There are 2 protein chains.
Amino acid sequence: MTEDKYQQVTQLFHLFSQSARLQILDELRRDEACVCHLQTVLGRPQAYVSQQLRVLREAGVVANRKDGQLVYYRLNDPKIAQLLEIVLGQVGARTHPPDCPCPRCNCCDSNVLRE
Amino acid sequence: MTEDKYQQVTQLFHLFSQSARLQILDELRRDEACVCHLQTVLGRPQAYVSQQLRVLREAGVVANRKDGQLVYYRLNDPKIAQLLEIVLGQVGARTHPPDCPCPRCNCCDSNVLRE
DNA sequence: ATCATATATGCAGCATTATGCATATTATGC
DNA sequence: GCATAATATGCATAATGCTGCATATATGAT
């Protein structure tokens, strides 16, 4: 029983032990985000991002919802944000890459507003 | 710079992602402990425990001090205990295995006192 | 000096995982 | 229906890490 507890926790930590996944989680604690946004932020191939999202999803760490063509991911457990705050500090502003094709990065001419 | 931050954190989480190391850290947040105590608690070969301790030590997560033949390890950063509390809950009583040869498990006839 | 105990280190085989690539699925617009 | 865009999945291989074993060092006792 105690051993199972450790097993469970190590699996959780394992998810955090790779920078792509950690970066995804860090981004998600700011706000939910669609795959194409995460793809832009990470600067990695779509397939790769999607694969990491699957890992996180199957572990129950993130959840997703579909909106038209887009799939939005979000953190699924407040503990995750808690852990991230300890190691990464307070959450900052949402990342707004200039070349991101996603609606949230393009609404309200937000790109123009970026310095 | 931001990338380096993630790198650093993933390395930390990686340390937590294996049950032997996690168990060591969990044990250490109760109190400092000598290698032979950890060895008994984990039920693993001495060489193995020693190796994991080295990994933790080189990462700066634990520190050690020598007392005669024994080497005592302790947590080196309060953040570690903080993280563990989130995922493992409040720290419990120190583990006192009946067959542990270490002085702290044998002082004051503490073994007899165990039910 | 010799022996026993506690701890540390180096190395190698095995298992696990990461990463990239090709392709499948699903939704939208025409 | 077809084309396109967003996302997901499967697979192969390269990389990484676990784990056990043999051995080294250091301390204390006789």
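Each chain gets a letter, A, B and so on, in the order its sequence line appears, and its residues count up from 1. From a predicted model like this one, the values you see are computed outputs, not experimental measurements.
- For A:Asn64, the listed nucleotide lying nearest its side chain is D:dA8; candidates were D:dA8, D:dT7, C:dT7.
- What you find for B:Tyr48 and B:Ala20 is that their closest heavy atoms are OH-CB, 3.4 Å.
- Across all strands shown, the partner of C:dC30 is D:dG1, judged by Watson-Crick or G-U wobble contacts whose two distances both fall under 3.5 Å.
- Out of D:dG10, C:dA8, D:dA8, the shortest distance to the side chain of A:Arg54 is found at D:dG10.
- Here B:His37 does not reach the OP1 or OP2 of C:dT7: none of its side-chain N or O atoms lies under 4.0 Å away.
- Candidate nucleotides D:dT7, D:dT9, D:dA26 were compared by shortest atom distance to the side chain of B:Lys66, and D:dA26 ranks first.
- Considering only the side chain of B:Pro45, D:dG20 comes nearest among D:dG20, D:dG10, D:dT7.
- Projected onto DNA chain D by closest heavy-atom contact, A:Tyr72 and B:Ser17 fall at different nucleotides, the more 5' of which corresponds to A:Tyr72.
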Could you go step by step and tell me if A:Ile86 and B:Ile86 meet the side chain to side chain contact (heavy atoms under 4.5 Å, CB included) rule? CA-CA 10 Å; A:Ile86 292 179; B:Ile86 291 179; 3.5 Å; yes
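- Taking 4.5 Å as the limit, some side-chain heavy atom of B:Leu22 sits within range of a side-chain heavy atom of B:Leu84.
- When side chains are defined from C-beta on, B:Phe16 does not count as touching B:Val87, because their heavy atoms never get closer than 4.5 Å.
- When distances are taken from the side chain of A:Val71 to each of C:dA27, C:dA8, D:dA8, the shortest belongs to D:dA8.
- A donor N or O paired with an acceptor N or O is not found under 3.5 Å between the base of C:dG29 and the side-chain atoms of A:Gln69.
- Residue B:Arg44 places none of its side-chain N or O atoms closer than 4.0 Å to OP1 or OP2 of D:dC18.
- Minimum atom distance to the side chain of A:Gln52 is reached by C:dT19, of the listed D:dG28, D:dT7, C:dT19.
- Per the geometry, CG belonging to A:Leu53 stands 10 Å off P belonging to D:dT7, to the nearest Å.
- Between the CG atom of B:Leu38 and the P atom of C:dA6 there is a distance of 14 Å, given to the nearest Å.
- One can place CD of B:Gln7 at 12 Å from P of D:dT16, the figure rounded to the nearest angstrom.
- Checked by atom type and distance alone, the side chain of B:Thr10 pairs as donor or acceptor with a backbone atom of B:Tyr6 at under 3.5 Å.
- The separation between A:Leu70 atom CG and C:dT25 atom C1' is 16 Å, rounded to whole Å.
- Between the CZ atom of A:Phe13 and the P atom of C:dT17 there is a distance of 17 Å, given to the nearest Å.
- The distance from atom CD of A:Gln46 to atom P of C:dA22 is 14 Å, rounded to the nearest whole Å.
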Apply side chain to side chain contact (heavy atoms under 4.5 Å, CB included) to B:Ile80 and B:Leu12, showing your working. CA-CA 10 Å; B:Ile80 306 300; B:Leu12 181 69; 4.0 Å; yes
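- Rounded to whole Å, the distance from CD on A:Gln39 to C1' on D:dT7 is 9 Å.
- B:Ala20 comes within 4.0 angstrom of no nucleic acid atom, judged by non-hydrogen atoms across all strands.
- Contact check, B:Gln18 against D:dT19: a side-chain N or O comes under 4.0 Å of OP1 or OP2.
- The separation between B:Glu32 atom CD and C:dT7 atom P is 12 Å, rounded to whole Å.
- The side chain of A:Gln51 sits closest to C:dC21 out of C:dC21, C:dT17, C:dT7.
- Between A:Tyr48 and C:dG20, a side-chain N or O to OP1/OP2 separation shorter than 4.0 Å is absent.
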